[in-house]
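All values derive from a computational prediction rather than experimental measurement. We name chains A, B, ... by the order of the sequence lines, and we start the count at 1 in each one.
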Protein chains: 4
Amino acid sequence: MLLNLDLRSSMPIYEQIKLGILGKILNGELKRDDVLPSIRELASILRVNPNTVIRAYKELEIEGILIARQGIGFLVNAEIQTTRGIFMAVLQKELLEPIRKAKRSGIELEEIIEVVKELWKNTE
Amino acid sequence: MLLNLDLRSSMPIYEQIKLGILGKILNGELKRDDVLPSIRELASILRVNPNTVIRAYKELEIEGILIARQGIGFLVNAEIQTTRGIFMAVLQKELLEPIRKAKRSGIELEEIIEVVKELWKNTE
Amino acid sequence: MLLNLDLRSSMPIYEQIKLGILGKILNGELKRDDVLPSIRELASILRVNPNTVIRAYKELEIEGILIARQGIGFLVNAEIQTTRGIFMAVLQKELLEPIRKAKRSGIELEEIIEVVKELWKNTE
Amino acid sequence: MLLNLDLRSSMPIYEQIKLGILGKILNGELKRDDVLPSIRELASILRVNPNTVIRAYKELEIEGILIARQGIGFLVNAEIQTTRGIFMAVLQKELLEPIRKAKRSGIELEEIIEVVKELWKNTE
DNA sequence: GTGGTCTAGACCACT
DNA sequence: GTGGTCTAGACCACC
């Protein structure tokens, strides 16, 4: 499982792993009841410490996306729909504060959308 | 000077103070050559450590928004226009990560804009 | 033999198999000298690893509930009475930790009993 | 802060720490906005590894009981009422399965309550 | 000083 | 083999 980590990013590695897995569920590459690579295996592939993978897997488990089974591994628990819903909720929560502040300071909606489009274009 | 700090937010307090001051310049509450509250005074009002206020003032000074004058304190140096540019830069920085995440996970630009509009409508 | 395994539960699978068999003895579905499904057959029905079934059968054998007979398989050895005792012991083991936690945190006995009654009423 | 850990218990240490803190909130020893002992300090007091304390604190943070602030420490976020509610919900969830199984196997409500009382009496 | 992240590696229970 | 827990210790940002 390839995940395109950016070790120089300010986003924590475990967060990048979480996002990568969520993305693979969203695009259908991972389906309900699929078994993820084992902690040790993924850690070895990504060249990170097993604890870092553990953290990503466990947080996804808490969020209901994955399920852990001793002796078996981590299974995908969520359907695409659910995952998408969770994702949008998180997005909404993250955008709330910046937008609120912008509005309070007299920035117009159109300007924000312009910024969003700009960022989207320059993001890989 | 009231600033509506959210001590529970993940955004550093000095960052919130900076934004609060920028906002007040943007909406005209603070004008060029106005004197800001002293470090100790603001720290006492906000119930934060003076070092935190110092950091906010100093960074705003480096960015050219404020000017330090011995015996007087910190003065507003920037016009609304400059401030606006900085504010937009901050906004851009805040939106970068969420948008990058969304894009990587297969969310479409239109969906994000929809969320932004929704949040805008339901805000304050 | 259908056993209603919950692969997502935190209870080990072999434990669920043991409980399922005990339950069937308790409600009369299995009687003394009945022959259980072979290890490979049950493993195939339940879609679990044969080792898991082996562990369940072996532990029930140790507890005196089952008897292994070469060439025949595992037979039910216990009467309902014995099984009932074992079942109560299991129940006790399962309730121990939650109750200990509750007591340590200042929950009162009456409150727990209330919860138990509530759950009992709303169950199946 | 004394917490009465039982290193020989099968309950993980981080779980015991969580319960201890929840208990102190429940009995009023810790109130909203109180600052908990720092990770290093509590680890040193309890003679466990800082990571173990981190895990307890972070899980309580996820559950909304605590709030982390860089440079300050962990604050109590929940009122007694909320904490109690969370606690009862967890208790209910933990008791659900055992009680369901018991009911299915012909155990009577009175027998379960008897077991609960017995466990309560023998628990410290 | 504080928490946040990450590495390295141990021992255990479960399949 | 798998995940679950725990120890030991590093470097960073923030107050």
With heavy-atom distances below 4.5 Å as the criterion, would you say the side chains of A:Leu19 and A:Phe87 are in contact? yes
Which range-with-range stems can be found for DNA chain E when each stem has 3 or more Watson-Crick or G-U pairs in a row and both distances sit under 3.5 Å? E:1-14 with F:1-14
Nearest heavy atom decides the nucleotide; on that basis, is D:Tyr14 or A:Leu36 closer to the 5' end of DNA chain F? A:Leu36
Given side chains that start at C-beta, do those of A:Leu66 and A:Leu75 come closer than 4.5 Å, heavy atoms only? no
Are D:Tyr14 and D:Ile54 close enough that some pair of their side-chain heavy atoms sits under 4.5 Å apart? no
Residue closer to the 5' end of DNA chain E, D:Gly73 versus A:Pro12 (nearest nucleotide): D:Gly73
Considering heavy-atom distances to DNA chain F, does D:Ile72 or A:Phe74 have its closest nucleotide positioned more toward the 5' end? A:Phe74
Within residues 39-62 of chain D, find the residues that approach DNA chain F with a heavy atom at under 4.0 Å, and present them sorted by residue number. D:Val48, D:Asn49, D:Asn51, D:Thr52, D:Arg55
When the distance from CG of C:Leu5 to C1' of E:dC14 is rounded to whole Å, what number comes out? 15 Å
What I want to find out is whether D:Lys101 reaches D:Glu97 closely enough, with some N-O distance under 4.0 Å, to be called a salt bridge. no
Any side-chain heavy-atom pair from A:Val76 and A:Asp34 closer than 4.5 angstrom? yes
May I ask you to test the A:Lys31-A:Glu79 pair for a side-chain heavy-atom distance under 4.5 Å? no
Considering residues, nucleotides and ligands other than A:Ile86, do more than 12 of their heavy atoms fall under 6.0 Å from its CD1? yes
Walking along DNA chain F from 5' to 3', note the first and the last nucleotide with an atom under 4.0 Å from a heavy atom of chain B, and give both. F:dC14 to F:dC15
Using a 4.5 Å cut-off on heavy atoms from C-beta on, say whether the side chain of A:Glu61 contacts that of A:Ile67. no
Side-chain contact, heavy-atom cut-off 4.5 Å: D:Glu94 with C:Glu94? no
Among B:Val48, B:Ile45, B:Leu36, find the residue that satisfies the side-chain contact (heavy atoms from CB on, under 4.5 Å) test when tested with B:Val53. B:Val48
